[in-house]
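Below, chains carry the letters A, B, ... as their sequence lines are ordered, and counting in each starts from 1.
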Protein chains: 2
Amino acid sequence: MENYGGYFKALRESKGMTLREVEKRTDVSNAYLSQLESGKIKQPSPLTLHKLSETYEVGYETLMEKVGYPVPERLSRKQEEDKGSIAYRVGSITNDEEVELLNYLKFMRSRKK
Amino acid sequence: MENYGGYFKALRESKGMTLREVEKRTDVSNAYLSQLESGKIKQPSPLTLHKLSETYEVGYETLMEKVGYPVPERLSRKQEEDKGSIAYRVGSITNDEEVELLNYLKFMRSRKK
DNA sequence: GTATTTTGCTTGCGAAACTTAGCAAGACTT
DNA sequence: AAGTCTTGCTAAGTTTCGCAAGCAAAATAC
């Protein structure tokens with residue numbers, strides 16, 4: 001949860017890149033990168049982490065976890081299937097509720113022409 | 001990318017909760033929740049989204065994507081839809097449709113006693 | 001050996017997250 | 001009807017992100 005500054009620095013140097021090279025690739029300023037590597041930044045935004053994960057070729061989720069953000073739980077097969085349900089979007093619902101919502105959705109769309 | 005304020009409001013109301021109830025469960029101030037629901041917040045932090053995903057029982061990744069954060073590749077909702085896992089059940093849902101469904105869900109629940 | 005470029009870094013600064021304190025309108029008591 | 005509690009909201013303040021500008025040391029060029 002702390003001192004991941006050194007981690008980012010090691011990552012960059014392992015690629016043999018300068019701060020300004022990374023800046024060019026990621027559009028993250030060298031000033032900010034320097035602060036990041038010296039531990040002055042608490043939590044870079046997900047977007048920044050995503051850019052860095054690309055140029056350093058590290059997993060996005062790895063970086064998210066490294067800086068202390070919650071990471072999506074590894075889902076079981078059954079849970080993966082659940083992601084196709086309405087409940088994944090609108091919160092847990094009963095079977096009857098889902099059926100009723102699907103019917104209402106159908107109604108909404110037919111009404112919208 | 002915009003107007004997810006109404007989405008969060010619909011989510012809360014579908015659960016029949018007040019701002020202060022959510023505050024108690026999530027430790028996110030009611031003031032901030034109010035700003036969030038009225039569209040004055042651009043990108044709530046992942047931690048805040050995670051707390052909300054728990055009390056609203058919605059997928060954490062769903063919220064992350066909703067507010068515009070990058071989402072791990074294989075888990076992207078849009079790709080899932082392309083593979084048909086959602087589409088074959090309900091088709092893709094627009095933001096407005098989602099809010100409308102939540103409002104209808106709220107209505108359904110208030111009606112059932 | 002000096003001039004120029006490169007590299008990492010620090011210092012303000014604006015923007016945005018998030019809080020505390022408090023207000024006004026509505027709902028519930030008595 | 002008056003008083004109290006609830007609910008959503010706003011205003012002001014703190015903190016952090018992330019950038020532009022600039023600086024000194026090191027590297028490179030001349």
Side-chain angles (χ1 to χ4, degrees), chain A residues 1-56 60 63-71, chain B residues 1-56 60 63-71 99 102-103 106-107 109-110 113:
Chain A
M1 243 194 223
E2 48 227 51
N3 259 28
Y4 48 80
Y7 171 69
F8 282 107
K9 182 166 189 174
L11 220 43
R12 176 175 61 86
E13 290 180 339
S14 79
K15 291 276 176 188
M17 296 186 188
T18 70
L19 291 179
R20 278 177 176 80
E21 273 180 295
V22 178
E23 170 177 20
K24 240 188 165 186
R25 286 218 164 280
T26 59
D27 280 317
V28 175
S29 74
N30 69 80
Y32 185 68
L33 290 171
S34 174
Q35 294 171 44
L36 177 63
E37 293 185 357
S38 60
K40 285 166 190 161
I41 301 298
K42 312 226 160 159
Q43 277 189 327
S45 79
L47 180 57
T48 298
L49 292 180
H50 185 75
K51 289 172 179 171
L52 291 177
S53 81
E54 281 179 339
T55 69
Y56 292 155
Y60 171 45
L63 297 187
M64 291 286 284
E65 192 168 15
K66 190 71 95 174
V67 307
Y69 285 136
V71 163
Chain B
M1 237 202 228
E2 51 230 48
N3 257 25
Y4 48 78
Y7 170 69
F8 282 107
K9 181 167 187 172
L11 259 187
R12 177 175 59 84
E13 290 182 339
S14 80
K15 292 278 181 188
M17 296 187 190
T18 69
L19 292 179
R20 279 176 176 80
E21 272 179 298
V22 177
E23 172 178 22
K24 253 195 161 181
R25 287 201 197 290
T26 60
D27 280 316
V28 175
S29 73
N30 70 79
Y32 184 68
L33 292 170
S34 175
Q35 293 171 44
L36 177 62
E37 293 184 358
S38 62
K40 286 167 190 158
I41 302 298
K42 307 212 167 168
Q43 275 189 329
S45 78
L47 180 57
T48 298
L49 292 180
H50 185 75
K51 289 172 180 173
L52 290 178
S53 81
E54 281 180 337
T55 69
Y56 292 153
Y60 172 44
L63 298 188
M64 291 286 284
E65 189 167 12
K66 187 73 91 174
V67 308
Y69 285 135
V71 165
V99 169
L102 283 166
N103 282 326
K106 172 189 173 189
F107 164 73
R109 286 171 172 165
S110 70
K113 186 176 60 94

Approximate separation, where rounding is to 0.5 Å, of Leu11(B) CG and Lys15(B) NZ: 8.5 Å
Can you check the Arg20(B) CZ to dC5(D) P distance for me, whole Å? 14 Å
Categorize Ser29(A) for me: base, sugar-phosphate, or nothing, with a 4.0 angstrom heavy-atom threshold over every strand shown. base
Is there a donor-acceptor pair under 3.5 Å between the side chain of Glu37(A) and the backbone N or O of Ser34(A)? no
Spacing of Glu23(B) atom CD relative to dC18(C) atom P, expressed in whole Å: 14 Å
If you look at every strand shown and take non-hydrogen atoms under 4.0 Å, does Thr48(B) touch a base, only sugar-phosphate, or nothing? sugar-phosphate
Could you say whether Glu21(B) or Lys40(B) is positioned toward the 5' end of DNA chain D, judged by the nucleotide with the nearest heavy atom to each? Glu21(B)
Among dC9(D), dT19(C), dC9(C), the one nearest Val28(B) by side-chain distance: dT19(C)
Rounded to the Å, how far apart are Leu33(B) CG and dT7(D) C1'? 13 Å
Taking atom CD as the centre, does Glu21(A) end up with more than 12 heavy-atom neighbours from other residues, nucleotides or ligands that are less than 6.0 angstrom away? yes
Heavy atoms under 4.0 Å, any strand shown: does Ser45(B) hit a base, just sugar-phosphate, or nothing? sugar-phosphate
How many Å lie between CG on Leu52(A) and P on dC17(D), as a whole number? 14 Å
Ring pair (Phe, Tyr, Trp, His ring centres under 6.0 Å) pairs touching residues 26-48 of chain A, sequence neighbours excluded, are none
side-chain contact (heavy atoms from CB on, under 4.5 Å), that's the test. Do Lys24(A) and Arg20(A) meet it? Break it down for me. CA-CA 6 Å; Lys24(A) 240 188 165 186; Arg20(A) 278 177 176 80; over 6 Å; no
Picking from dC9(C), dC19(D), dC9(D), which would you name as closest to the side chain of Leu19(B)? dC9(D)
Considering the terminal five base pairs at each end of the helix from dG1(C)-dC30(D) to dT30(C)-dA1(D), what angle separates the two local helix axes, rounded to 10°? 10°
Given the structure, check if the side chain of Gln35(B) and the base of dT19(C) hold any donor-acceptor pair shorter than 3.5 Å. yes
How many whole angstroms separate atom NZ of Lys24(A) from atom P of dG8(C)? 15 Å
Using a 4.0 Å heavy-atom cut-off, does Ile41(A) contact any base of the nucleic acid, only the sugar-phosphate backbone, or nothing at all? sugar-phosphate
What is the distance from CE of Met17(B) to C1' of dG8(D), rounded to the nearest Å? 17 Å
Kindly confirm or rule out a cation-pi arrangement of Lys66(A) over Tyr7(A), judged by NZ or CZ under 6.0 Å from the six-membered ring centre and within 45° of its axis? yes
Starting at CG of Asn30(A) and ending at P of dT10(C), how long is that distance when rounded to a whole Å? 12 Å
Val22(B) and Asn30(B): CA distance, side-chain angles, deciding distance, side-chain contact (heavy atoms from CB on, under 4.5 Å) verdict: CA-CA 8 Å; Val22(B) 177; Asn30(B) 70 79; over 6 Å; no
Roughly how far apart are Met17(B) CE and Glu23(B) CD, rounded to 0.5 Å? 13.5 Å
Starting at CD of Glu37(A) and ending at C1' of dT10(C), how long is that distance when rounded to a whole Å? 15 Å
Would you say dG8(D) has OP1 or OP2 under 4.0 Å from some side-chain N or O of Arg12(B)? yes
Which nucleotide sits closest to the side chain of Ala31(A): dG8(D), dT10(C), dA17(C)? dT10(C)
